[in-house]
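Down below is the structure, laid out as structure tokens.
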Amino acid sequence: MDKIENIELKYLTIEDFEELKEATVSAYGGLPNSYWKLDEIDKLISLFPEGQIVIKVNGDIAGCALSMIVDFDEIDDNHTYQDIVGDENFKVHNENGDTLYGIDVFIKPDYRGLRLGRRLYDYRKEVCENLNLKGIVFGGRIPNYHKFSKELTPKQYIYKVKTKEIHDPVLNFQLSNDFHPVRILSGYLEGDEASREYAVLMEWDNVYYTKPTKKPSANKSVVRLGLIQWQMRTYKGMEDLMQQAEYFVDTVAGYRSDFALFPEFFNAPLMAEFNHLSEPDAIRELAKFTAPVIERLKELSISYNINIISGSMPEMIDGKLYNVGYLCKRDGSLERYEKVHVTPDEARVWGMQTGHEIKTFDTDCGKIGILICYDVEFPELSRLLADEGMDILFVPFLTDTQNGYSRVRLCAQARAVENECYVAIAGSVGNIPKVHNMDIQYAQSAVFTPCDFAFPSNGIKAEATPNTEMILVTDVDIDLLRELHSFGSVRNLKDRREDVYSLKKVHKS
């Protein structure tokens, strides 16, 4: 497979048909009549366009998910697949129904192992939540059942799969994605000898379901943040460090977080092997790890379907040392940010240069800003980002003493109030005695909010335990910011006296 440059979810269009047909045949091993017909796809798109999606890798279809909306009470308990899709006009589809019914999902063989299937399932869950449906159901195959059908009933087989005594690739995947079995369906899919024509009616419950008054929303209003409070410790090398990084990404992604935030210089323990060098030389050796670490984080963002903010790392450009980080988006793209204000210690000990770029980043969860540690102590930067529409400000930091931490924390809280935004800060704890100038760390990662009636009165949405390795996962509601901008007790952005003062960027040539 070629290097992944881009991953995107798109609505299926009729122009995709020939490529979809080829992908379907590939996914189902060339089984006869395994693909949908042109008029069927055309009808599904016209009935329920947001329910028919493809996932594309580098512009090519890698997988697909097709769905309908049904009134579940009208579906027979012992229905078959043909009962759902057999009618050429898909009359079972009911736009006023209460349940999303999955009628097909696949990933081409060449793209399996990238967790793309989870993206399709996550998309269905978001559609279900946005349309305020009760849940998702589908008839799930049990393709390994034929190996055990002589000694086990389907019910016994499912039990052994759930208890990990038997591996079933389809059922295991569905169970790991929060679906639970409801009942056995016999004679579900004609010709499915591997499953002995049995299927398991799988169901996912929408815990946000309310009485049907909520209108569908195309925008993601609730964003889940995963903050990584990283323990500084000795690592054997980059592989060892990245194993720990993947563990944390896996953990926060398991909670369906939209972002994973690493601290500033979280990879500093790799300098231990260069501790015999001068401090400026040691950090320049560390800078050689930046490109491969970012490449690995990019792979993790794709694999775990999460936007990763890399904290920060040293980077050499034209012989000069900078403190930079990268936003690894889950669509496969990369964006760079840099520390504009370096601390006196960074400049004096390491010869770190100041950065110049101040910008926001468009993500699938809205517009965000990223400032590295000391930068959050300069209110002008975050105000410029707020002027560009920033909703969430991420601040990876590294502080050695409680004094330094308090500066970052108090300034971050001020930024949340004055810019009417959320601010997430993540730092490192512990110590690495074998690395000069990085002896001790103090941190308490947190998420701050504006202070108004819709938010916590103290402006603290969530905070970690001080000086303890852990993750912090919390939700922030972007719609509350929209209300605050117009109806808040005070309106810091709207009430600015731009007739008296102004703020602007100075663009470097």
Side-chain angles (χ1 to χ4, degrees), residues 20-21 23-37 40 44 51-52 55 62-68 70 72 75-87 90 92 99-113 115-118 120-121 124-125 135-205:
L20 176 69
K21 176 181 175 180
T24 308
V25 172
S26 172
Y28 290 112
L31 290 174
N33 300 316
S34 60
Y35 58 89
W36 295 86
K37 305 301 184 289
E40 294 172 329
L44 284 171
Q52 326 310 326
I55 188 164
C64 174
L66 308 179
S67 311
M68 298 192 299
V70 301
F72 194 61
I75 303 296
D76 189 275
D77 284 351
N78 295 311
H79 65 274
T80 68
Y81 187 64
Q82 281 300 304
D83 291 335
I84 303 298
V85 304
D87 182 87
F90 297 104
V92 172
T99 302
L100 191 75
Y101 199 111
I103 59 174
D104 198 4
V105 61
F106 69 81
I107 298 294
K108 288 176 63 176
D110 288 347
Y111 296 97
R112 291 170 187 167
R115 296 182 176 86
L116 300 181
R118 183 158 72 176
L120 297 177
Y121 275 58
R124 280 179 171 172
K125 291 173 184 177
I136 305 170
V137 298
F138 56 81
R141 298 176 62 241
I142 43 177
N144 278 354
Y145 179 58
H146 67 281
K147 300 177 182 178
F148 305 91
S149 59
K150 292 183 179 179
E151 63 241 3
L152 298 176
T153 65
K155 181 179 179 180
Q156 292 170 329
Y157 176 83
I158 293 169
Y159 175 80
K160 288 186 176 291
V161 172
K162 291 176 68 176
T163 57
K164 307 301 182 184
E165 297 176 61
I166 294 175
H167 176 73
D168 186 286
V170 176
L171 187 54
N172 279 124
F173 178 77
Q174 293 157 358
L175 292 170
S176 69
N177 279 276
D178 302 320
F179 284 81
H180 59 270
V182 177
R183 67 177 71 94
I184 303 294
L185 301 172
S186 60
Y188 183 72
L189 183 60
E190 184 178 356
D192 183 10
E193 287 300 320
S195 304
R196 294 292 187 255
E197 296 191 356
Y198 285 104
V200 185
L201 185 67
M202 303 296 293
E203 184 177 47
W204 176 81
D205 299 312

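Not measured: the values here are computed from a predicted model.
Nearest heavy-atom pair, Glu197 versus Leu189, reported as atom, atom and distance to 0.1 Å: CG-O, 3.5 Å. Val70 and Val92 get closest at one heavy-atom pair: CG1-CG1, 3.5 Å. For the residue pair Lys108 and Ala27, the shortest heavy atom distance occurs at CA-CB, 4.4 Å. Summarising the geometry of Gln174 relative to Gly140, their closest heavy-atom pair is NE2-CA, 3.9 Å, with the distance given to 0.1 Å. When all heavy atoms are compared, the tightest approach of His79 to Ile75 is ND1-CG2, 3.3 Å. Among all heavy-atom pairs drawn from Phe138 and Phe179, the shortest one is CE2-CE2, 3.4 Å.
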Derivation of the side chain to side chain contact (heavy atoms under 4.5 Å, CB included) call for Leu100 and Trp204: CA-CA 10 Å; Leu100 191 75; Trp204 176 81; over 6 Å; no

So Leu185 and Tyr81, side chain to side chain contact (heavy atoms under 4.5 Å, CB included) or not? Walk me through it. CA-CA 10 Å; Leu185 301 172; Tyr81 187 64; over 6 Å; no

Side chain to side chain contact (heavy atoms under 4.5 Å, CB included) evaluation trace for Tyr157 with Asp168: CA-CA 10 Å; Tyr157 176 83; Asp168 186 286; 2.5 Å; yes

Between Leu44 and Ile103, does a side chain to side chain contact (heavy atoms under 4.5 Å, CB included) hold up when you go through it step by step? CA-CA 11 Å; Leu44 284 171; Ile103 59 174; 3.9 Å; yes

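Evaluation of the side chain to side chain contact (heavy atoms under 4.5 Å, CB included) rule for Lys147 yields Asn144 as partners, not counting sequence neighbours. Looking at residues two or more places apart in sequence or on another chain, you find a side chain to side chain contact (heavy atoms under 4.5 Å, CB included) between Arg196 and Tyr145, His146, Ser149, Glu193, Tyr198. When the salt bridge (charged side-chain N to carboxylate O under 4.0 Å, His left out) test is applied to Asp104, no partner is found at least two apart in sequence or on another chain.
A tilted orientation is assigned to the rings of Trp36 and Phe90, their planes being inclined by 30° to 60°.
Using a 4.5 Å cut-off on side-chain heavy atoms (C-beta onward), Leu20 and Cys64 make contact. Between Lys160 and Phe148, the closest side-chain pair of non-hydrogen atoms is not below 4.5 Å.
No more than 12 heavy atoms of other residues, nucleotides or ligands shown are found within 6.0 angstrom of CD on Glu190. Atom NZ of Lys162 has 12 or fewer heavy atoms from other residues, nucleotides or ligands within 6.0 Å.
Rounded to the nearest 0.5 Å, atoms OH (Tyr159) and OG1 (Thr153) are 12.5 Å apart. Here CD1 of Ile142 is found 12.0 Å from CG of Asn172. Values are rounded to the nearest 0.5 Å. The distance from atom NE2 of His180 to atom CG of Leu201, rounded to the nearest 0.5 Å, is 9.0 Å. Atom CD1 of residue Ile158 and atom CD1 of residue Ile184 lie 3.0 Å apart, to the nearest 0.5 angstrom. Considering CZ of Arg141 and CG of Asp192, their distance stands at 4.0 Å, rounded to 0.5 Å.
Checking each of Val170, Asn177, Val137, Leu175 against Met202 for a side chain to side chain contact (heavy atoms under 4.5 Å, CB included) leaves exactly one that passes, namely Leu175.
Within the 3.5 Å criterion, the main-chain N or O of Ser67 finds a donor-acceptor partner in the side chain of Gln52. Here the side chain of Arg112 pairs a donor or acceptor atom with the backbone of Ile107 at under 3.5 angstrom.
Thr80 and Gln82 form no side-chain donor-acceptor contact under 3.5 Å, judged by distance and modelled atom types alone.
The cationic group of Lys37 lies under 6.0 Å from the six-membered ring centre of Tyr35 and within 45° of the ring axis, placing it in a cation-pi geometry.
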